[in-house]
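The first residue of the sequence shown is numbered 1, and numbering continues consecutively from there.
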Amino acid sequence: MVAKLEWYRLGGEDSERQWGDILGVLRLNAGKLDLELLHSSAAELGVLDLLEKALVE
C-alpha cells in the first residue's frame, strides 16, 4: 500500500488510475489495515501527506 503511494509520488502524482487503485485498496481493506504501521511507513518514505489525503477521500 505504501509502496503504491511512493510510486504515485514518483510518477508526478498525475495518474488518476494509480490514485483510484490506492483508494480502492483502502476501501477494500477498511478495518483490516494497521493504520499505525501505515502512518509510520508512509512517514519514512515521505508520502504521509498522500496517505492522509487518501484516508479522507
>> I'd like to check the side-chain contact (heavy atoms from CB on, under 4.5 Å) partners of Leu33; sequence neighbours left out, ordered by chain and number.
In response: Leu26, Asn29, Leu35, Leu38
> Tell me, which pairs form a ring pair (Phe, Tyr, Trp, His ring centres under 6.0 Å) where one or both residues lie in residues 15-49, sequence neighbours left out?
Replying inline: Tyr8-Trp19
> For the hydrophobic clusters of this structure (ILVMFWY residues joined by side-chain heavy atoms under 4.5 Å, transitively), does one cluster hold both Met1 and Leu23?
Replying inline: yes
Let me check something: any side-chain donor-acceptor pairs from residues 48-55 under 3.5 Å, sequence neighbours excluded? List them with distances.
unit_1 : atom_1 : unit_2 : atom_2 : d
Asp49  : OD1    : Arg9   : NH1    : 3.2
Asp49  : OD1    : Arg9   : NH2    : 3.1
Asp49  : OD2    : Arg9   : NH2    : 2.7

> What pairs with Arg17 under side-chain contact (heavy atoms from CB on, under 4.5 Å), at least two apart in sequence or on another chain?
Replying inline: Ser15, Asp21
>> Going by the rule side-chain contact (heavy atoms from CB on, under 4.5 Å), which residues pair with Asp14 if we only count those two or more places apart in sequence or in a different chain?
In response: none
> Taking only residues at least two apart or on different chains, which pairs with a member in residues 30-43 satisfy salt bridge (Lys or Arg N to Asp or Glu O under 4.0 Å)?
Replying inline: none
>> Quick check for you: to the nearest 0.5 Å, what is the distance between Leu10 atom CG and Gln18 atom CD?
In response: 9.5 Å
>> Taking Leu37 as the starting point, is it possible to reach Leu45 by hopping between hydrophobic residues whose side chains are less than 4.5 Å apart?
In response: no
